[in-house]
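Worksheet: the structure to be examined is printed underneath.
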Protein chains: 2
Amino acid sequence: MAYVYHAPTLTVDVVVFQVIDGRLHVLLIKRKNEPFKGELALPGGYNAAGDTTRQAMDRVLKSKVGLSRADFPFIEQLYAFDTVARDPRGHAVSIVYMALGNNLECHDSETTQEPAFYPVDELGDIAFDHEDIVAYAVERLRARITSFTAVFALLPEDFTLTQLQTAYEAVLGRKLDKRNFRKKFLSFDVLEPTDKYYQEGAHRPALLYRFKERKIQPLLRDF
Amino acid sequence: MAYVYHAPTLTVDVVVFQVIDGRLHVLLIKRKNEPFKGELALPGGYNAAGDTTRQAMDRVLKSKVGLSRADFPFIEQLYAFDTVARDPRGHAVSIVYMALGNNLECHDSETTQEPAFYPVDELGDIAFDHEDIVAYAVERLRARITSFTAVFALLPEDFTLTQLQTAYEAVLGRKLDKRNFRKKFLSFDVLEPTDKYYQEGAHRPALLYRFKERKIQPLLRDF
DNA sequence: ACAAAAGTGTTAAGAATACACCCATGT
DNA sequence: ACATGGGTGTATTCTTAACACTTTTGT
């Protein structure tokens, strides 16, 4: 090879999902710098030489939204987008991760402001091609909870069957039948009942369940 | 930002699949240079600044195995692997594509020798982490033909139902019942019969079918 | 007439869907 | 006693899975 290899810009972006009030939300930040200054965008940053993409993702989570890998029970690499220029110098490649959590607390940082969760079904205009990226991530998330136990990451350790069903409805974007949902999900044999109940409001308390294993596993059949 | 950004090495590798004699095969080349000189590996190469990963993939296909994007009815980006070093300088990120074809002819080049198809179920040792990459690609391919019409890319334009079934069996790695296969696949309503027959050998000729659309579409139900 | 792959239908078991009432609790 | 969400079962339809013989062709 008679030429000097010069690598393209490599960046990492993260799609963080959480279910809030029965709706699927995504974490966005307000950009403090050009391009797209002032607009909403996914948290992201450069991937420097010597860093794996996961290390770069850790750095992004920490520096942009004050979170760490340990806050997410499930993280998956989604896709490498040949993004529109984030940088006037030209073309960049962005490795995008999806992270699922519950009860997340995020914080401002030097380079971003107001990291906050927005409902995915009513995102306005957001920066770069990030609208496409979020749509792609939602599709992947649906596939993951349809064929695998990925929901566990959207729920606390102990949860009621209604909370589980709500998470499914938020992700799939449609209502499910309560009796059929319970019958089917319990038949997968991935949950175990605890001996505790969750009480909230003037009605019967709900039995708390947990996943036998809090890691992703295939389901017997698709949900 | 008070530091000069230096990007990691970016490479592209391609997993080319084809069904030959009822078995799924993958295209490998013999490396002419270190590292792994003389061993089998996926065709791959550097992604230079200014190139999208698809352009880099085109270059790899052309220069390493004498094929072009047009030879593949279906190409999909698989995953970004933080590969073990391909390069003594250190860590590299490799964007891997999967390409499906039929009746492919490939050729030697300056940097590689003997590009050839090997059955995926009896690969010996191959270079880098390419064995893992092929396993990952097979898994993805299975998902694609289970829920989508991706098989079309493994077949010529006109084909018999037996050829279709053989492609499924090669990819899924198990035998299927002929009557159930036909009933179910035809019920998807994605095929149309031609008025031609395919004859080969001393037996009844088979009616040729084609896909109504030679592009990927979801199936009504999983296969 | 035989060998070889093409083509075709039925039955039984399992999965999905549709659907409505009683239970336990707080106020 | 009432309002609220928790919890439960059955009947119907659809899907899957198991299974064997006749047809058409070349030699």
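Keep in mind that the numbers below use all heavy atoms, side chains included, and drop hydrogens, waters and symmetry copies.
At whole-Å resolution of the value, CG in B:Leu176 and P in D:dA18 are 11 Å apart. The interatomic distance linking A:Lys175 (NZ) with C:dC19 (P) rounds to 17 Å, in whole Å. In this structure, B:Gln199 atom CD and D:dT24 atom C1' are separated by 9 Å, rounded to whole Å. Per the geometry, CZ belonging to A:Phe188 stands 11 Å off C1' belonging to C:dA15, to the nearest Å. The distance from atom CG of A:Leu164 to atom P of D:dG7 is 12 Å, rounded to the nearest whole Å. Summarising the geometry, the separation between CG on B:Asp222 and C1' on D:dC14 is reported as 16 Å, rounded to the nearest angstrom. Between A:Gln165 atom CD and D:dG5 atom C1' there is a gap of 12 Å when expressed in whole angstrom units.
Ring pair B:Phe223/B:Phe181 is tilted by interplanar angle, where 30° to 60° counts as tilted. B:Tyr136 and B:Tyr79 have tilted rings, their planes meeting at an angle from 30° to 60° on a 0 to 90° scale.
No side-chain donor-acceptor contact under 3.5 Å links B:Asp129 to the backbone of B:Asp132. Remark: side-chain polar atoms of B:Gln18 are not paired, donor with acceptor, to backbone N or O of B:Leu24 under 3.5 angstrom.
Residue pairs meeting the salt bridge (charged side-chain N to carboxylate O under 4.0 Å, His left out) criterion with at least one partner in residues 201-223 of chain A, sequence neighbours excluded, are A:Asp158-A:Arg210, A:Asp189-A:Lys212, A:Glu213-A:Lys215.
Surrounding CZ of A:Phe188 are more than 12 heavy atoms belonging to other residues, nucleotides or ligands, all under 6.0 Å away.
At its two ends the helix from C:dA1-D:dT27 to C:dT27-D:dA1 runs along axes set 10° apart, each axis drawn from five pairs and the angle rounded to 10°.
A salt bridge does not link B:Arg31 with B:Glu39: none of the charged nitrogens is closer than 4.0 Å to a carboxylate oxygen. Salt bridge annotation for B:Glu76-B:Arg144: present, with a cationic side-chain nitrogen under 4.0 angstrom from a carboxylate oxygen.
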### Task
Any chance you could list the contact pattern along nucleotides 3-11 of chain C? Use B for base contacts, S for sugar-phosphate-only contacts and - for none, protein heavy atoms under 4.0 Å, 5' to 3'.
BBSBBBBB-

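Checked against the 6.0 Å centroid criterion, the rings of A:Phe159 and A:Tyr198 do not qualify as a close aromatic pair.
In this model, the phosphate group of D:dT16 is not approached by any side-chain N or O of A:Arg221 to a distance below 4.0 Å at OP1 or OP2.
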